[in-house]
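Residue numbers run from 1 in the order of the sequence given. One-based numbering, in listed order, for ligands and for the atoms of each.
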Amino acid sequence: MTNKVTKAIFPVAGLGTRFLPATKSIPKEIMTLVDRPLIQYAIDEARAAGIEEFIFVTSRGKGSLEDYFDRAPTLEEDLKAKNKDKLLDVLNGTNMESGAIAYIRQHQALGLGHAIWCARRLIGDEPFAVILTDDLIASETPCLQQMVEAYEQTGGSMVAAMEVPADKVSAYGVLDVESEDGRILKVKGMVEKPAAGTEPSNLAVIGRYILTPDVLRNLENFKKGAGGEIQLTDAIADEIAQGRDVYGFCFEGERFDCGSKAGYLQATVSFGLEREELRDELMAHLEQIVAMKRAAE
Ligand code: UTP
């Protein structure tokens with residue numbers, strides 16, 4: 001088995017209920033941070049980590065997501081004719097190599113683990129990455145690239161990990177850590193959404209994974225876990241039970257939970273403030289409205 005990670009799965013078949021009514025017709029992965037859809041950030045991160053094959057697990061109603069990766073010849077011609085080179089560069093940056101993207105359908109939203117299992121035939125017998133577009137990570141070195149570099153030393157399966165506040169930890173997959181070596185944690189157990197008070201640590205699994213094909217085999221038993229869903233965390237925990245190595249990786253960077261409204265708004269403001277052309281105006285507006293809100297309290 002090769003150790004090089006060249007394939008990534010992007011599970012985008014969830015219902016996105018926390019963003020209703022918007023997600024009635026817009027996939028949440030197409031929602032924009034400033035001017036780029038969330039999926040574009042995930043694709044760019046994957047590319048930076050050396051990913052060459054991009055596998056989307058989609059579902060009914062995600063057509064606009066598939067369209068996003070088509071070329072837009074009329075738009076390109078128009079921008080060319082008007083010498084709008086900068087915009088043309090922006091557009092060209094979204095082009096994907098022919099054949100680099102594959103779409104697989106998850107016919108029923110049975111859980112993240114099931115969505116990953118749906119892509120099994122495209123993965124074959126190779127390690128693969130998983131990126132959840134909801135988890136946006138702003139960092140100097142893109143998070144998946146950090147993980148690929150760490151994985152070259154460890155092998156096994158690896159999940160991104162982050163400390164979260166005690167009152168939030170039971171909303172996540174949580175790690176039971178055996179030992180630490182810098183950013184790399186050797187994991188002896190993992191539990192999805194543990195009941196409050198039973199969490200093995202406050203180290204939560206964040207949406208970046210490098211997994212071995214054994215995890216796909218573990219998913220074959222369709223075991224239902226937390227919330228009645230087929231959980232990816234459980235299939236990775238089975239790896240530990242079967243004597244294989246699983247690691248957590250404490251990435252460098254700031255993570256935004258764009259699957260929640262508060263996280264999405266925070267990311268929008270933070271990414272807006274990073275843009276030179278927006279910074280001053282946005283900052284002045286934020287200062288003004290915060291001062292007004294404070295005065296009114
Ligand atoms: P979430 O737990 O955020 O669920 O899924 P969701 O449906 O996207 O959103 P809410 O909670 O209803 O608002 C985490 C990731 O797993 C994918 C989602 O698309 C998201 O990227 N997923 C989840 C699937 O692809 N299939 C599933 O059956 C469940």
Side-chain angles (χ1 to χ4, degrees), residues 7-33 37-43 45-46 51 54-66 68 101-120 122-123 128-137 143-144 159-160 162 164 168-174 190-194 204-209 211 215-216 219-220 222-236 255-267:
K7 295 179 179 177
I9 302 179
F10 301 83
V12 293
L15 301 173
T17 52
R18 283 171 287 172
F19 279 94
L20 280 171
T23 43
K24 219 176 127 193
S25 70
I26 312 167
K28 71 175 166 180
E29 300 77 21
I30 284 289
M31 294 190 336
T32 53
L33 275 192
L38 285 174
I39 194 69
Q40 188 66 53
Y41 292 92
I43 290 281
E45 184 179 329
I51 298 299
F54 305 80
I55 302 164
F56 289 85
V57 182
T58 70
S59 59
R60 176 188 288 269
K62 302 277 177 169
S64 58
L65 185 68
E66 300 189 16
Y68 175 76
I101 302 188
Y103 300 100
I104 282 281
R105 211 81 160 174
Q106 185 190 26
H107 293 104
Q108 235 186 318
L110 297 179
L112 174 60
H114 181 260
I116 300 303
W117 175 81
C118 288
R120 66 200 177 282
L122 294 174
I123 295 297
F128 60 99
V130 175
I131 295 191
L132 305 190
T133 49
D134 284 2
D135 279 328
L136 193 78
I137 299 168
C143 180
L144 191 63
V159 301
M162 183 183 113
V164 294
K168 299 258 163 60
V169 72
S170 60
Y172 291 88
V174 183
M190 266 172 93
V191 49
E192 183 64 36
K193 298 189 180 57
V205 177
I206 302 301
R208 302 288 181 279
Y209 307 76
L211 302 174
V215 174
L216 295 174
L219 285 165
E220 260 160 33
F222 304 120
K223 192 172 66 189
K224 284 192 181 159
E229 296 193 354
I230 298 169
Q231 296 287 356
L232 184 58
T233 304
D234 294 342
I236 303 171
R255 173 255 186 179
F256 297 92
D257 175 9
C258 292
S260 78
K261 281 178 265 213
Y264 177 69
L265 290 171
Q266 287 160 18

Between [X] and [Y] (salt bridge meaning N to carboxylate O under 4.0 Å), is one present in this structure?
| X | Y | answer |
| --- | --- | --- |
| Arg120 | Glu220 | no |
| Lys28 | Asp134 | yes |
| Arg255 | Asp135 | yes |

Polar contacts were defined as any N/O atom of the residue lying under 3.5 Å from an N/O atom of the ligand; does this apply to [X] and ligand 1?
| X | value |
| --- | --- |
| Glu229 | no |
| Gly14 | yes |
| Phe19 | no |
| Ala115 | no |
| Leu110 | yes |
| Leu112 | no |
| Leu132 | no |

- Query: Closer than 4.0 angstrom: is that true for some heavy atom of Val57 and an atom of ligand 1?
  - Reply: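 False for this residue.
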- Are Gly16 and ligand 1 in contact, using a heavy-atom cut-off of under 4.0 Å?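 Flag set, Gly16 near ligand 1.
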Checking a contact table here: which protein heavy atom is nearest [atom], and how many Å away?
| atom | value |
| --- | --- |
| atom 25 (O) of ligand 1 | Ala13 N, 2.9 Å |
| atom 20 (C) of ligand 1 | Pro11 O, 3.9 Å |
| atom 12 (O) of ligand 1 | Thr17 OG1, 2.5 Å |
| atom 1 (P) of ligand 1 | Arg18 NH2, 4.0 Å |

Taking only heavy atoms of [X], which atoms of ligand 1 are found under 4.0 Å from at least one of them?
| X | result |
| --- | --- |
| Ala109 | 28 (O) |
| Asp134 | 3 (O) |
| Gly111 | 26 (N), 27 (C), 28 (O), 29 (C) |

- Message: Strictly inside 4.0 angstrom of atom 6 (P) of ligand 1, do you find any protein heavy atom?
- Response: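 It does: a protein heavy atom is found less than 4.0 Å away from atom 6 (P) of ligand 1.
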- Message: Taking NZ in Lys223 as the centre, count heavy atoms belonging to other residues, nucleotides or ligands within less than 6.0 Å. Is the count above 12?
- Response: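 Correct, the count exceeds 12.
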- Item | Phe10 and its side-chain contact (heavy atoms from CB on, under 4.5 Å) partner, picked from Ile43, Val130, Ile55, Leu132 |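 For Phe10, the side-chain contact (heavy atoms from CB on, under 4.5 Å) test succeeds with only one of Ile43, Val130, Ile55, Leu132, which is Ile43.
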- Query: Among Ile9, Leu216, Ile236, which one satisfies side-chain contact (heavy atoms from CB on, under 4.5 Å) with Leu211?
  - Reply: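 Of Ile9, Leu216, Ile236, side-chain contact (heavy atoms from CB on, under 4.5 Å) with Leu211 is met by Ile236 alone.
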- Query: Heavy-atom contacts under 4.0 Å between Val12 and ligand 1: side chain, backbone, both, or neither?
  - Reply: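 The answer is the backbone of Val12.
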- Can you tell if the side chain of Leu122 reaches within under 4.5 Å of the side chain of Lys7, non-hydrogen atoms only?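 Answer no - side chains too far apart.
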- Message: Is the shortest side-chain heavy-atom distance between Tyr172 and Lys193 below 4.5 Å?
- Response: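 Tyr172 does not reach Lys193 side chain to side chain.
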- After noting the C-alpha distance and the side-chain angles of Val215 and Leu232, does the key distance pass the side-chain contact (heavy atoms from CB on, under 4.5 Å) rule? CA-CA 8 Å; Val215 174; Leu232 184 58; 4.0 Å; yes
- Item | Nearest option to atom 8 (O) of ligand 1, as decided by whichever heavy atom of Gln108, Gln231, Lys28 sits closest |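 That would be Lys28.
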- Query: Out of Lys261, Gln106, His114, whose heavy atom is nearest to atom 27 (C) of ligand 1?
  - Reply: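 Closest candidate by heavy-atom distance is Gln106.
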- Query: Has the side chain of Gln231 got a donor or acceptor atom that lies under 3.5 Å from a matching backbone atom of Gly113?
  - Reply: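 It does not hold such a pair.
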- Backbone N/O of Pro27 and side chain of Lys62: donor-acceptor pair under 3.5 Å: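 Not a single qualifying donor-acceptor pair exists.
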- Item | By salt bridge (charged side-chain N to carboxylate O under 4.0 Å, His left out) - contacts of Lys168 (at least two apart) |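 Here no residue qualifies.
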